[in-house]
Amino acid sequence: MPGQEERAIAQVLLRWYERHRRDLPWRRTRQPYSTWIAETMLQQTQVQTVIPYYERFLARFPTVCALAQAELDEVLALWEGLGYYARARHLHAAAKLICERHGGELPATLEELLALPGIGEYTAGAILSIAFGQDVPAIDANAARVLCRLFDLPLDTTTAAAKRVLRRHAQELLPPGRAAEFNQALMELGSTLCRAKAPQCAACPLAPFCQAYQAGTQALRPLPKRRTAPPLKRLAAAFVERDGRLLLVRRRPEGLLGGLWELPSVELASPEEPPAEALSHLFGGGKAGECLAVIQHAYSHFRIEVAVCRYTLEGEPTLAGGPWDRLRWLSPQELASHALTGATRKTLQALGWPTAGRSL
DNA sequence: AATTCGGGGAG
DNA sequence: CTCCCAGAATT
């Protein structure tokens with residue numbers, strides 16, 4: 001049951017929707033069949049594209065059983081140009097099932113709808129709320145974006161975890177008995193004002209409630225969808241202590257992390273190469289001790305996993321061709337005044353080396 | 001969890 | 001050119 005704040009948000013949103021809702025063909029009826037067709041056509045497809053297809057389709061197939069009795073070729077012909085042709089095949093197959101098993105009427109439960117080909121979480125929610133008046137959320141990409149901004153949620157809305165969070169928030173906001181209008185209002189707001197780029201917050205009725213707008217983060221919500229997993233680099237780093245000081249090297253000013261200080265490290269030739277062996281190549285001498293920690297760190301385009309090993313050296317080390325231009329032995333106090341890489345800062349913290357620098 | 005499936009429109 | 005759009009099925 002919504003609290004006071006939630007009720008206020010829903011009320012403002014519904015009032016805005018009454019005044020600004022676009023007059024779309026599928027909004028002139030709430031019959032389950034036409035709702036189903038419209039929602040299916042609208043999957044990943046913009047409103048203006050769908051309108052003529054929707055009208056032709058409903059004129060030719062006015063009922064579930066009319067669709068069920070048609071040849072697939074004719075259904076596909078009416079779909080030509082809309083894309084995602086599996087939608088048409090699924091629609092046709094589901095119509096046959098509905099005509100045979102449900103007497104030509106769409107089922108009114110989530111479980112039965114999800115069992116039909118081409119109907120997933122969103123479409124089932126849309127049919128249940130719009131055609132059957134049930135208090136169920138229907139969250140498409142537009143509604144998800146609105147919710148992310150309203151509650152300032154740093155989520156990638158395509159993940160399963162994000163979908164759970166968003167459904168909980170939507171259910172919380174949903175005014176009982178008015179899910180049809182509420183769900184469409186959320187989507188309408190997302191497609192007109194709360195757009196992905198350049199949201200028009202000045203004109204938005206929810207701006208007074210919008211946590212992202214208050215924080216100025218609306219352009220950062222939702223988070224961009226993650227592409228293929230960034231590659232993982234495995235590194236070995238040397239933890240070389242001498243007289244209470246730690247050996248640090250400075251990365252050359254040009255290039256990645258230029259000018260920052262870090263533990264001497266080297267990329268493993270293969271995941272199987274022992275870190276100690278890689279480090280001996282780095283220094284050309286000395287002796288590796290135990291592994292003190294394994295640190296994970298992520299950059300924008302790759303991740304690293306660093307095996308940090310104790311290491312002992314005779315005399316002064318040399319920088320054998322690494323990407324560095326300086327070398328220093330630093331006390332904990334001196335460390336605090338040097339700019340360290342994130343992975344190095346993380347390593348020192350994990351090992352309990354006292355530094356006054358920022359922790360990550 | 002990541003890919004695939006189409007095509008159109010905006011910037 | 002890239003990103004985005006009333007997602008679902010498959011691997």
Side-chain angles (χ1 to χ4, degrees), chain A residues 13 17 20-30 32 34-54 57 76-94 97 110 113-131 136-149 155-164 166-167 170 179-200 219-232 303:
Chain A
L13 179 61
Y17 182 59
H20 293 89
R21 58 180 282 173
R22 291 169 290 179
D23 178 30
L24 302 173
W26 45 90
R27 284 183 179 161
R28 294 173 190 164
T29 165
R30 285 189 178 180
S34 51
T35 302
W36 173 41
I37 301 301
E39 293 302 335
T40 302
M41 287 185 169
L42 285 162
Q43 289 166 13
Q44 298 291 282
T45 310
Q46 297 187 337
V47 165
Q48 291 309 316
T49 306
V50 166
I51 290 175
Y53 284 90
Y54 172 83
F57 200 92
L76 283 171
L78 274 181
W79 205 271
E80 185 183 321
L82 253 194
Y84 285 110
Y85 298 95
R87 294 185 296 180
R89 297 194 301 271
H90 290 148
L91 216 45
H92 188 231
L97 289 173
L110 181 62
L113 285 172
L114 289 178
L116 293 169
I119 296 184
E121 193 82 32
Y122 164 75
T123 304
I127 293 171
L128 288 174
S129 61
I130 296 172
V136 178
I139 306 172
D140 72 330
N142 286 316
R145 185 172 54 252
V146 173
L147 292 168
C148 274
R149 287 174 175 163
L155 300 174
D156 166 3
T157 60
T158 65
T159 66
K163 289 184 203 300
R164 281 194 296 274
L166 294 174
R167 202 171 304 129
E181 300 95 317
F182 177 80
N183 287 340
Q184 293 184 82
L186 218 47
M187 294 188 273
E188 188 88 340
L189 188 70
S191 62
T192 57
L193 297 182
C194 197
R195 301 188 61 91
K197 293 180 181 175
Q200 298 172 46
L220 307 176
R221 304 288 180 259
L223 296 184
K225 169 167 46 176
R226 193 198 266 312
R227 312 184 177 289
T228 56
L232 175 69
R303 302 173 292 135

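Atom set for the values below is all heavy atoms of this structure, side chains included, hydrogens, waters and symmetry mates excluded.
- The two residues A:I130 and A:E39 come nearest to each other via the heavy atoms CD1-OE2, 3.7 Å.
- Judged by atom type and distance alone, A:Y84 reaches the base of B:dG6 through a side-chain donor-acceptor pair under 3.5 Å.
- Taking atom CG of A:D156 as the reference point, atom P of B:dA2 lies 9 Å away to the nearest angstrom.
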Run the side-chain contact (heavy atoms from CB on, under 4.5 Å) test on A:D23 and A:R28 for me, step by step, so that the C-alpha distance in whole Å, both residues' side-chain angles and the decisive distance to 0.1 Å come before the verdict. CA-CA 8 Å; A:D23 178 30; A:R28 294 173 190 164; 3.2 Å; yes
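- Residue side chain A:T45 reaches the base of B:dG6 through a donor-acceptor N/O pair under 3.5 Å, judged by distance alone.
- In this structure, A:L116 reaches the sugar-phosphate backbone alone: every heavy-atom distance under 4.0 Å involves primed, P, OP1 or OP2 atoms, never a base.
- With contacts defined as side-chain heavy-atom distances shorter than 4.5 Å, the pair A:W26/A:V47 qualifies.
- Nucleic acid contact for A:R27: base, since at least one base atom lies under 4.0 Å from a heavy atom of the residue.
- Residue contacts for A:T40: at a heavy-atom cut-off of 4.0 Å it reaches no nucleic acid atom on any strand shown.
- By the 4.5 Å heavy-atom criterion applied to side chains, A:L193 and A:H20 are not counted as neighbours.
- Per the geometry, CD belonging to A:E80 stands 11 Å off P belonging to B:dG8, to the nearest Å.
- For the pair A:R195 and A:R87, nearest-nucleotide mapping onto DNA chain B gives the more 5' position to A:R87.
- Note on A:A138: nothing from the nucleic acid sits closer than 4.0 angstrom, heavy atoms only.
- Nearest-nucleotide positions on DNA chain C for A:W26 and A:P117 put A:W26 closer to the 5' end.
- The separation of C:dA9 from B:dG8, taken at their C1' atoms, amounts to 23 Å, rounded to a whole angstrom.
- Taking side-chain N and O atoms only, A:R145 has a distance below 4.0 Å to OP1 or OP2 of C:dC5.
- For the pair A:Y53 OH and B:dG6 P, the computed distance is 13 Å after rounding to whole Å.
- In this structure, A:E121 reaches the sugar-phosphate backbone alone: every heavy-atom distance under 4.0 Å involves primed, P, OP1 or OP2 atoms, never a base.
- Heavy-atom nearest nucleotides on DNA chain C were determined for A:L114 and for A:V47, and the one closer to the 5' end corresponds to A:V47.
- Across the protein-nucleic acid pair, A:L24 atom CG and C:dC5 atom C1' stand 15 Å apart, rounded to whole Å.
- In this structure, CE of A:M41 is placed 16 Å from C1' of C:dC5, rounded to the nearest angstrom.
- Within the nucleic acid shown, A:I119 comes within 4.0 Å of sugar-phosphate atoms alone, with no base atom in reach, counting heavy atoms only.
- Heavy atoms of A:W79 sit nowhere under 4.0 angstrom from any nucleic acid atom.
- Between the P atoms of B:dG6 and C:dT11, the separation comes to 15 Å (whole Å).
- In this structure, A:T123 reaches the sugar-phosphate backbone alone: every heavy-atom distance under 4.0 Å involves primed, P, OP1 or OP2 atoms, never a base.
- Note: NZ (A:K163) to C1' (C:dA8) measures 10 Å, nearest angstrom.
- Rounded to whole Å, the distance from CD on A:Q46 to C1' on C:dC3 is 11 Å.
- Between A:K197 atom NZ and B:dA10 atom P the separation is 13 Å, expressed in whole Å.
- For A:R22 and A:E188, the salt-bridge test passes: some basic side-chain N is under 4.0 Å from an acidic carboxylate O.
- Contacts of A:A86 with the nucleic acid, taken as non-hydrogen atoms under 4.0 Å apart, are absent.
- In this model, the phosphate group of C:dG7 is approached by a side-chain N or O of A:Q44 to a distance below 4.0 Å at OP1 or OP2.
- Across C:dC4, C:dA8, C:dA9, the shortest atom-to-atom separation from the side chain of A:H90 is found for C:dA9.
- Side chain to side chain, A:Y122 and A:Q43 fail the donor-acceptor criterion of an N or O pair below 3.5 Å.
- Checking B:dG7, C:dG7, C:dC4 against every side-chain atom of A:A196, the shortest atom distance belongs to C:dC4.
- No contact: A:G190 has no heavy atom under 4.0 Å from any strand.
- Without hydrogens or angle criteria, A:Y53 side chain to A:E80 main chain gives a donor-acceptor distance under 3.5 Å.
- Proximity of A:S191 to the phosphate of C:dC5: no side-chain N or O atom is located under 4.0 Å from OP1 or OP2.
- Minimum atom distance to the side chain of A:Q43 is reached by C:dA8, of the listed C:dC5, C:dA8, B:dG8.
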